[in-house]
There are 2 protein chains.
Amino acid sequence: MRLNKKERQRLLKETILENPFVTDEELAEKFSVSIQTIRLDRLELNIPELRERIKNVAQKNFSEEVRSLPIEEVIGEIIDIELDEHAISLLDIKEEHVFKRNNIARGHHLFAQANSLAVAVINDELALTIKSNIQFIRQVKLGERVIAKAKVVEKEMEKGRTVVHVESFVNHELVFKGEFHMYRPKHKEGVQK
Amino acid sequence: MRLNKKERQRLLKETILENPFVTDEELAEKFSVSIQTIRLDRLELNIPELRERIKNVAQKNFSEEVRSLPIEEVIGEIIDIELDEHAISLLDIKEEHVFKRNNIARGHHLFAQANSLAVAVINDELALTIKSNIQFIRQVKLGERVIAKAKVVEKEMEKGRTVVHVESFVNHELVFKGEFHMYRPKHKEGVQK
DNA sequence: ACTACTATTAGTACCTAGTCATAAAATCAG
DNA sequence: CTGATTTTATGACTAGGTACTAATAGTAGT
């Protein structure tokens, strides 16, 4: 079954992205066209030849020294906050957050975003998490933007405990849900900073 | 300055290991010998040609044949693992893990260690966390070494679900406890050529 | 000095996975 | 059916090799 040019080029791009180790010959066979057609396609799409592609992959691998992730990126960016009430933060899922294999975000990044939002929303010098129940509702993929919303639901100031609910969304779709029991050290009255 | 064969071959091996992207021609120049000598050396030392070397580096990155989870993706260092049974990992709490204010470790790092250990202990292509209950039992401070122990407690293979318990210790003192409900996807046959 | 030996260099044919350029054939749209 | 687009064919050239044969250089032992 021969496809038209547009469709073929679309699939070509995909195929090569998925497996950069494929030769023009194999591609020609796959799409039932001549090698020359594949080469014209690559030319039009600016896809380099096999050896260049392999080299690129290798170089990326070889010069990979960016192992640690800065804290700012783990936590996400706080875009709205009202202390002791609610807060919203935003995290863009990038290469460093996902399993290489399938581009699904690793759970602990979603947890980190939610947990640090829960810490931030507490109006205190410092809050600590003591207990937490969480649920990963659907997988989050590379490139998606996760918006976490925290809400303080219980304030038991005397005991120094507070409960925060966090829900995280991708395009208004719930992807993560967590309940965080926070400990806040003894309050000093009227001290605001 | 020409070296003798032995010395040249020793350096050759080193040079290529350090920079696999070097051609025979460049090597010949570097050691002031002919290209043929370099090729004889590679033959004797069983060093493949440039393109093969590059391909190897690339493939390592692209992970065509890596069985389970690559170790570097685990937070902390795995020091013992028996798939589907138990695993132990170690995490030294450094500057980047703590609140600057009081040098207490941020909760999500303990979670990350435990969570990735739970993922790693599952003997499958890839496991995902669906649900988790956790408790932060005592604060962990800068400089402390956290040892996390994961134990697979329930295997319901048909449903693709597994429960893993993780307990983390500092000097035999329990600091963190968590229950992780993991999902293991249905196996797909490798389609690669 | 002659021989034996290793080390090095030279040269040729062939390979893969391409490149670039030109021309011809096939297919599709109006 | 014509003209434009798309596809295929062909030939010449490239990098970075392999595999093989043959010649030369250098050194050691007798």
Side-chain angles (χ1 to χ4, degrees), chain A residues 1-65 95 100-101 103, chain B residues 1-66 189-193:
Chain A
M1 166 205 58
R2 296 265 299 252
L3 307 140
N4 62 12
K5 196 179 173 181
K6 225 171 186 174
E7 190 60 9
R8 187 188 59 237
Q9 292 196 346
R10 200 182 57 74
L11 282 173
L12 190 78
K13 225 191 297 188
E14 240 177 62
T15 308
I16 291 177
L17 205 80
E18 200 178 287
N19 170 210
F21 299 87
V22 68
T23 64
D24 285 359
E25 202 177 356
E26 288 164 347
L27 289 166
E29 224 165 89
K30 171 165 180 168
F31 293 110
S32 314
V33 293
S34 71
I35 272 195
Q36 285 76 4
T37 302
I38 296 296
R39 289 179 178 161
L40 272 174
D41 285 347
R42 277 200 300 100
L43 200 73
E44 281 179 37
L45 298 169
N46 271 321
I47 297 170
E49 61 165 296
L50 172 68
R51 282 157 178 164
E52 281 307 308
R53 294 195 303 264
I54 290 181
K55 209 170 160 185
N56 292 342
V57 175
Q59 259 155 355
K60 206 178 288 169
N61 184 23
F62 206 73
S63 62
E64 195 70 43
E65 289 158 49
E95 292 281 354
K100 274 187 220 139
R101 215 172 239 283
N103 286 341
Chain B
M1 166 205 55
R2 297 263 300 252
L3 308 140
N4 63 10
K5 196 177 172 181
K6 225 172 186 173
E7 191 60 10
R8 189 188 57 236
Q9 292 197 347
R10 200 182 57 74
L11 282 173
L12 190 77
K13 228 190 296 188
E14 240 177 61
T15 308
I16 291 177
L17 206 78
E18 200 178 286
N19 169 213
F21 299 87
V22 67
T23 63
D24 284 0
E25 203 177 355
E26 289 163 347
L27 289 165
E29 227 165 86
K30 171 165 182 168
F31 294 109
S32 315
V33 293
S34 71
I35 259 194
Q36 285 77 5
T37 304
I38 296 295
R39 287 177 182 165
L40 273 174
D41 284 348
R42 278 201 298 99
L43 200 73
E44 281 180 37
L45 299 169
N46 271 321
I47 297 170
E49 61 163 298
L50 172 67
R51 283 157 179 165
E52 282 306 309
R53 293 193 306 260
I54 289 181
K55 209 169 159 185
N56 291 342
V57 176
Q59 259 157 355
K60 211 174 284 169
N61 180 14
F62 210 73
S63 73
E64 279 191 299
E65 46 196 322
V66 182
E189 291 303 308
V191 187
Q192 206 82 333
K193 248 223 68 173

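Only heavy atoms go into these numbers, but all of them, side chains included; no hydrogens, no water, no symmetry mates.
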Bend across the helix from C:dA1-D:dT30 to C:dG30-D:dC1, to 10°, with axes taken over 5 pairs at each end?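 What I find for the helix from C:dA1-D:dT30 to C:dG30-D:dC1 is an axis angle of 0°.
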Tell me, please, which residues at least two apart from [X] pass side chain to side chain donor-acceptor pair (under 3.5 Å).
X       : result
B:Lys5  : B:Glu44
A:Arg51 : none
A:Glu14 : A:Arg10
B:Arg8  : B:Asp41

Check side-chain contact (heavy atoms from CB on, under 4.5 Å) between [X] and all other residues, then give those that pass, not counting sequence neighbours.
X       : answer
B:Asn46 : none
B:Glu25 : B:Thr23, B:Ile35
B:Lys30 : B:Thr15
B:Gln36 : B:Ser34

Any heavy-atom pair between the side chains of A:Ile16 and A:Leu27 that's under 4.5 Å?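 Counting from C-beta outward, A:Leu27 and A:Ile16 do come under 4.5 Å.
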Restricting to nitrogen or oxygen on both sides, can you table the protein-nucleotides 21-24 of chain D pairs closer than 3.5 Å?
none

How would you summarise protein contacts on nucleotides 7-23 of chain C per nucleotide, using B for base, S for sugar-phosphate only and - for none, with heavy-atom distances below 4.0 Å? SBBBB----BBBB----
Under 4.0 Å protein heavy-atom contacts per nucleotide of nucleotides 24-30 of chain C, with B for base, S for backbone only and - for none: -------
